[in-house]
Amino acid sequence: MMHSEHLAISGQGLSPAKKEALLADFFNEMSEKKQNFLGYQTNQDVSFSSSLQPFLSLNLLNLGDGFEDGSYEINAKQFERAVIDYYARLWGFSSPFSPRRYWGHITAMGSTEGNLYALWNARDYLSGYAVEGYQQEVYVQKPPIAIFSEAAHYSIKKACQILGLTTFNKAGPFLGTCPINQGDWQQALATKESGAVKEGDLYKLTEFFVEREYPVILILNHGTTFSGGSDATRRILNHLKPILGTNTEQDRRYWVHLDGALSANFSPYLNDDPFAITQDPYEFRHPDVMSICSSPYKWIGAPWACGIFLMHEQYKVGSSHRPAYIAGRDSTVSGSRQDIYALYLWERLTTLGTQGLKKIALENEHNAHYLHQQLTRLARFQPNITVMPKPNGSNIVRFSTPNDKINRQFSLAQDDVDVKGKTQRMSHVVVLSHVKRNMIDALLHELSSPYAFKNTQIRQHPLTVNYFGFFK
Ligand SMILES: *Cc1c(COP(=O)(O)O)cnc(C)c1O
């Protein structure tokens, strides 16, 4: 680790040689970490094409709405639109010859911004604002209620806080007895071992608010952060349709947002035809899903965080703000968006093509399966290790957390998981394209040591070191 005093910025600056040495050291340190980086959802296999290099000498920005040209001429909105159009086809928002009915953008942040945008739009739509599809504002008496499971990403709670959205736990106590969790409003909407929401509970909770004529915002997961499991979106929405009813201009009843930060990037490629919508209960491409976001950098790999946000255009809250300064709609959370993101994604998608993308998805799946199988085998000899079943379509493998040294060595993220009524601390491996067999084998090797699941504390003072285990 480098000492911060070496990096201090002084008036004299640093000599080129010193600077080069510092940067080289830092690069080596990070590259070494990459060799063992198994525990987070970011693909470290980044390939930045030399054909994009010249664009780094420009300040390419997309200002405001990507579907309007605006007056800031050094932009790459055509590339952004090409990328958005591609995801619209992949996520079932469009077919090749239909007129465009979706709206979206490449976010300046990742799915955090996608979630924030979705909930912002949902709140205003359900509060009666004019939208693209219906130009009239309507009066709505009750505030929308956000419903999400305990597996929802922390950015959902943050977005609710920023937007002042009422969550089901907050509103519930004023309205009656909680229909789930033995009447306790303070508990979360629980999930199964896979990380998927308990559907019966979700139905009861939704019904509770709909019966009292509250509009609801349902947030579903496609690939949870810790397990990679998904909610059965198709089954859930087909079941809920009669309860939710139909959104009309006068009657704003519900919003369904799908957080697909990780899995919406790749799950279609696990099918023969990635663009064909299936009848699978876990299919996330459903007409009642009104907005979707993902973080492409997590799966394709990119030198920065970035996100895709898509929604049905008819529900977009018509922005009343058209600053003369940019000559277009100020439709996004961030004012300026980095266009190099759009160029980068366009370059990757056109280089890999459907076959290349399918190959990555299948390789990840294959390696995740291998790790899961080997861990299950190991668990027969290691009584301390529980290996969780791998949810279908997930590239994440969860197992009992090993000692601190191993967690640190492989950058393994941890979380508490309820296993048959008992809370267990787990670690996970996210299998992305930089995770090769040799890395998996190195982890398996460490985990097979008899000390792998013991936190051995080495005492520093010679007198307190006890080699015979008297001090426990
Ligand atoms: C990572 C993640 C996010 C947030 O994405 P960022 O790119 O970090 O903003 C949101 N939801 C889920 C499920 C995630 O895994």
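Both ligands and their constituent atoms are indexed starting at 1 by order of listing.
The aromatic rings of Tyr125 and Tyr315 stand perpendicular to each other, their planes meeting at an angle above 60°, with 30° marking the opposite boundary.
Pairs passing the ring pair (Phe, Tyr, Trp, His ring centres under 6.0 Å) check and including a residue from residues 344-369, sequence neighbours excluded, read Phe79-Trp346, Trp304-Tyr344.
In terms of the ring pair (Phe, Tyr, Trp, His ring centres under 6.0 Å) criterion, Tyr254 has no residue partners (sequence neighbours excluded). Residues that satisfy the ring pair (Phe, Tyr, Trp, His ring centres under 6.0 Å) test with Tyr203, not counting sequence neighbours, are His239.
Sorted by chain and number, the heavy-atom contacts of ligand 1 below 4.0 Å come from Gln41, Gly110, Ser111, Thr112, Asn115, His153, Ser155, Gly223, Thr225, Asp259, Ala261, Ser295, Tyr297, Lys298.
Although no hydrogens or angles enter the test, the distance criterion places no donor-acceptor pair under 3.5 Å between the side chain of Glu313 and the main chain of Glu132.
Between Asn62 and the choices Gln338, Glu80, Lys77, the side chain to side chain donor-acceptor pair (under 3.5 Å) rule is met once, by Glu80.
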